[in-house]
Amino acid sequence: MTTAPAGLAAELSILRQNVTLSVIKQTHDQQQRLIEILDQSARSAPISRTRGSNINIRA
């Protein structure tokens, strides 16, 4: 087994770190887009005229 020079090992380590950070950022961006879609869907849903009208407050 050969040992990579320290400079090359450092560059590979930085490359791996950059790829990992890029994947984390992409995942975050996708999650934010999903949250925006769900929020928009919830806000645009029609309001139910019967929602909450069948609650028994005497219990």
Side-chain angles (χ1 to χ4, degrees):
M1 184 170 149
T2 60
T3 304
L8 181 58
E11 286 181 31
L12 288 174
S13 178
I14 291 170
L15 177 63
R16 286 185 189 137
Q17 181 180 9
N18 288 340
V19 169
T20 301
L21 290 174
S22 177
V23 169
I24 290 170
K25 183 180 183 310
Q26 288 175 358
T27 302
H28 176 263
D29 292 344
Q30 290 173 351
Q31 289 174 345
Q32 287 301 112
R33 284 193 296 270
L34 179 60
I35 289 170
E36 289 171 6
I37 290 169
L38 293 174
D39 184 55
Q40 183 181 14
S41 296
R43 291 180 189 275
S44 66
I47 297 174
S48 172
R49 295 188 187 272
T50 60
R51 184 175 61 189
S53 64
N54 295 326
I55 297 174
N56 183 359
I57 59 173
R58 295 181 197 173

Quiz item: So how far is it from Leu15 CG to Leu8 CG, rounded to the nearest 0.5 Å?
Solution: 10.5 Å
Practice problem: If a pair satisfies side chain to side chain donor-acceptor pair (under 3.5 Å) and one of its residues is in residues 5-21, list it, with sequence neighbours excluded. | Solution: none
Taking distance alone, no hydrogens or angles, what donor-acceptor pairs closer than 3.5 Å link side-chain atoms of residues 26-37 to residues at least two apart or in another chain?
| unit_1 | atom_1 | unit_2 | atom_2 | d |
| --- | --- | --- | --- | --- |
| Thr27 | OG1 | Val23 | O | 2.9 |
| Asp29 | OD2 | Lys25 | NZ | 3.0 |

